[in-house]
Engineer: 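So that we are looking at the same thing, I have put the structure below in structure tokens.
Reckoned from all heavy atoms, side chains included, excluding hydrogens, waters and symmetry mates.
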Amino acid sequence: MNNINGESEAILKYVGGPDNVNNLVHCVTRLRFDVKDDSKVDKDKLNSLPCVLSVVKSGGQEQVVIGTNVADYYDVIQKKLSDHKTANSKEEKTDKKAKLSITKTISGAFMPLLSVMAGAGMVKAVLTVLANLHWLSETSTAYLVLSAAGNSVFYFLPIFVGITLAKEFKADPFVGGALGAALLEPNFTQLVGKHGLSLFGMPLDAIDYSTTVFPIFVIIGVYILLDRLLKKIIPQQVQIFLNSMICLIILVPATVLIFGPFGDTVGKWISAIIMWLFGKSRLVAGLLLGMVYPFLTVLGLHWGLVPITLQNLKMYGGDVIGGVAVAAVWAQIGVSLGIFLYSLLKKKDAKLKGLSGSVTITGIFAGVTEPILYGLIMPSKRLMIITAIAGGIGGAINASLHVVVRAFQIDNIFSILMLMYKPIGFMILGSAISLITAAILTFFWGINPKDQQ
């Protein structure tokens, strides 16, 4: 390891030092440096190092070919780069500490996806408008093809998050993506809904993992620890295939046997508690459900409420849970609206203005709030608090006024126009209060001025 430390320090020196490095990534065999000044890179001295097989200039990068143990050199150099920045910038010290926070981890996982989520959401919004205006049939080939484009990123969210989350923790992003993909692989998904299944002598309750992120966060967390352990005990010559093979064999069964069913069970407990609260106090139940509903969605625990929703619709013709949840949806839209207005009126961050504007439209017309929730709300403690407050207030109003949904549908502007709620006036009141409260709180308090500098 001492040899790797010394050689890593020499590599960093010969690419021009820490101040000459904009970014560093690695692939299977190469360190890929994005440098500020190519003239500062000493290729002759790099090639003279025993660990360096060759130096290649490609794709605007200085690529130092190391071999299959490239990750060890990457870790050392990346730490030296981080230490250098910490020593020379007080602001960077703050950033390094933030890496340990939950919000920083969530931000690292979802921020790279925000643009494509916003774009896919806009596709869903356009299709919703066309279908409701009867300009495009939901059974037409054009609709189905475009629907696939709009649904792709949301349905396969565990794969995308597996990639970005693994990358955030300097693990192999493609193994992370494979772990997410295993949960959506057709041979597994066809088991969903079947009873009496077993795996290794243990009962298997196959669950639909599409659109949920809690299981993949857990599985990637375990993967990172397992991968680090395997790197210490497995010879480098066989790590390139053996590490990923062991991780897949261990972690996919562990997820479908333990992590997923655990989340499903917790969701059922939460739904039972919520219905008990509705029986005791509609105000309290609406307040609590409105506050936590967006975060139940993040954890995938909202599925535990679906059976109760379907039962209520069948028995009573209306569901009180949906009557409260709609306020939480409009609270999230209110947050994105508040960010858009802040960026517009304060003339701050044109990119954020464009993104917040597009996801606001997506939320209003398609009822797709994942880009808002994952890209804007979850990375910010302030916005999480505002979402809970606004959703709770609207939820308490809707529950107290006996607002229900009349069918299992997506909450958007068209579901209001089609009178999918009753009493519709009270539903609009509660949801409007949620939206306005969230927008005002976000505009005046939700955006940290330090993030705008």
Engineer: Within the structure provided, determine whether K170 and Y74 are in side-chain contact (heavy-atom separation under 4.5 Å).
Structural biologist: yes
Engineer: Could you tell me if the side chain of S431 sits less than 4.5 Å from the side chain of M427, heavy atoms only?
Structural biologist: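 The answer is yes; the side chains approach within 4.5 Å.
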Engineer: Considering non-hydrogen atoms only, spot the tightest contact between A285 and F278 and give its length.
Structural biologist: CB-N, 3.6 Å
Engineer: What's the spacing between D19 CG and D37 CG if we round to 0.5 Å?
Structural biologist: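 Nearest 0.5 Å value for the CG-CG distance: 12.0 Å.
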Engineer: Tell me, with the steps shown, if D34 and L24 meet side-chain contact (heavy atoms from CB on, under 4.5 Å).
Structural biologist: CA-CA 6 Å; D34 177 12; L24 171 64; over 6 Å; no
Engineer: Is the shortest side-chain heavy-atom distance between R382 and W445 below 4.5 Å?
Structural biologist: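 Yes. Closest side-chain heavy atoms under 4.5 Å.
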Engineer: So does S434 get a backbone contact from the side chain of T437, meaning a donor-acceptor N/O pair under 3.5 Å?
Structural biologist: no
Engineer: Can you find a heavy atom in the side chain of P203 that is under 4.5 Å from one in the side chain of L197?
Structural biologist: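 No, every pair of side-chain atoms sits at 4.5 Å or beyond.
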Engineer: Got a second to check how far L183's CG is from D208's CG, nearest 0.5 Å?
Structural biologist: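 Spacing of CG (L183) from CG (D208) equals 10.5 Å.
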Engineer: For residues I250 and L226, report the shortest heavy-atom separation together with the two atoms involved.
Structural biologist: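 Taking every non-hydrogen atom into account, CD1-CD2, 4.3 Å.
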Engineer: Under a 3.5 Å distance rule, please check whether D227 uses its side chain to pair with a backbone N or O of N243 as donor and acceptor.
Structural biologist: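 Here the side-chain-to-backbone pair does not exist.
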Engineer: Quick one, L248 with L179, criterion side-chain contact (heavy atoms from CB on, under 4.5 Å). Give me CA distance, side-chain angles, the key distance, then yes/no.
Structural biologist: CA-CA 7 Å; L248 289 168; L179 290 168; 3.7 Å; yes
Engineer: If you count the non-hydrogen atoms of other residues, nucleotides and ligands that lie under 6.0 Å from CZ in F174, is the total more than 12?
Structural biologist: no
Engineer: Test D411 against S415 for side-chain hydrogen bond (donor to acceptor under 3.5 Å, both in side chains), laying out the working first.
Structural biologist: CA-CA 6 Å; D411 299 305; S415 60; 4.8 Å; no
Engineer: Taking the side chain from N398 and the backbone from G323, do they hold a donor-acceptor pair closer than 3.5 Å?
Structural biologist: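 Yes.
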Engineer: Could you check whether any side-chain N or O of T164 sits under 3.5 Å from a backbone N or O of F160, counting only pairs where one atom can act as donor and the other as acceptor?
Structural biologist: yes
Engineer: Given V326 and V405, is the side-chain contact (heavy atoms from CB on, under 4.5 Å) satisfied, shown in steps?
Structural biologist: CA-CA 9 Å; V326 64; V405 295; 5.5 Å; no
Engineer: Quick check: do I258 and T255 have side-chain heavy atoms less than 4.5 Å from each other?
Structural biologist: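 No, side chains not in contact.
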Engineer: Run the side-chain contact (heavy atoms from CB on, under 4.5 Å) check on L191 and V256 step by step: do they pass?
Structural biologist: CA-CA 11 Å; L191 299 177; V256 300; over 6 Å; no
Engineer: Under the 3.5 angstrom rule, does the side chain of D319 hit a backbone N or O of V404 as a donor-acceptor pair?
Structural biologist: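 Not at all, since once roles are kept as given, no pair shorter than 3.5 Å links the two residues.
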Engineer: To the nearest 0.5 Å, what is the distance between OG (S336) and CZ (F340)?
Structural biologist: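 Separation between the atoms: 10.0 Å.
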Engineer: Can you tell me how the ring of Y342 sits relative to the ring of F443, calling it parallel under 30°, perpendicular over 60° and tilted otherwise?
Structural biologist: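 It falls in the perpendicular class, over 60°.
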Engineer: Under 3.5 Å, is there a donor-acceptor pair between the side chain of S356 and the main chain of K353?
Structural biologist: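 Yes, the answer is positive, given that a donor and an acceptor are paired below the 3.5 Å cut-off.
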Engineer: Within a 6.0 Å radius of atom NZ on K280, are there more than 12 heavy atoms belonging to other residues, nucleotides or ligands?
Structural biologist: no
Engineer: Tell me the closest heavy-atom pair linking G290 and A328, and the distance in Å.
Structural biologist: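 Scanning both residues, the minimum pair turns out to be O-CB, 3.8 Å.
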Engineer: Have D172 and Y223 got a donor and an acceptor in their side chains that come within less than 3.5 Å?
Structural biologist: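 Not at all, the side chains of D172 and Y223 share no donor-acceptor pair under 3.5 Å.
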Engineer: Are there over 12 heavy-atom neighbours, none belonging to F426, within less than 6.0 Å of that residue's CZ?
Structural biologist: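 No, the 6.0 Å shell around CZ holds no more than 12 heavy atoms from other groups.
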Engineer: From I361 CD1 over to I333 CD1, what is the distance, rounded to the nearest 0.5 angstrom?
Structural biologist: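 Spacing of CD1 (I361) from CD1 (I333) equals 11.5 Å.
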Engineer: So, does E185 use its side chain to make a donor-acceptor pair with the main chain of A181 at under 3.5 Å?
Structural biologist: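 No; zero donor-acceptor contacts below 3.5 Å.
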Engineer: Tell me, do V35 and N22 make a side-chain contact under 4.5 Å, heavy atoms counted?
Structural biologist: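 Result no, sub-4.5 Å side-chain heavy-atom pair not found.
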Engineer: Spell out, as yes or no, whether a donor-acceptor pair under 3.5 Å connects the side chain of S147 to the backbone of L144.
Structural biologist: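 Pair absent, no side-chain N/O of S147 close to backbone of L144.
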Engineer: Quick one: pull up CG in N20 and NZ in K40 and give me the separation to the nearest 0.5 Å.
Structural biologist: 5.5 Å
Engineer: Do you know which two heavy atoms are closest between A399 and R282, and how far apart they sit?
Structural biologist: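 It is O-NE, 2.8 Å.
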Engineer: Looking only at atom types and distance, does a side-chain atom of R406 sit under 3.5 Å from a main-chain N or O of L419, one as donor and one as acceptor?
Structural biologist: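 Yes: the side chain of R406 pairs with the backbone of L419.
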Engineer: Check this for me: K231, atom NZ, are more than 12 non-hydrogen atoms of other residues, nucleotides or ligands nearer than 6.0 Å?
Structural biologist: yes
Engineer: Quick check: closest heavy atoms across G176 and I220, and the distance to 0.1 Å?
Structural biologist: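 That closest heavy-atom pairing would be CA-CD1, 3.6 Å.
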Engineer: Got a donor-acceptor contact below 3.5 angstrom from the S140 side chain to the L136 backbone?
Structural biologist: no
Engineer: Could you check whether K79 pairs with D75 (Lys NZ or Arg NE/NH1/NH2 to Asp/Glu carboxylate O, under 4.0 Å)?
Structural biologist: no
Engineer: How close do S244 and V175 get, heavy atom to heavy atom, and via which atoms?
Structural biologist: CB-CG2, 3.7 Å
Engineer: Can you tell me how far the CG atom of L287 sits from the CD1 atom of I389, to the nearest 0.5 Å?
Structural biologist: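 So the gap between those two atoms works out to 10.5 Å.
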Engineer: Do Q332 and T387 come close enough that some side-chain heavy atom pair is under 4.5 Å?
Structural biologist: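 They are in side-chain contact.
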Engineer: Within the 4.5 Å heavy-atom criterion, are I364 and W330 side-chain neighbours or not?
Structural biologist: yes
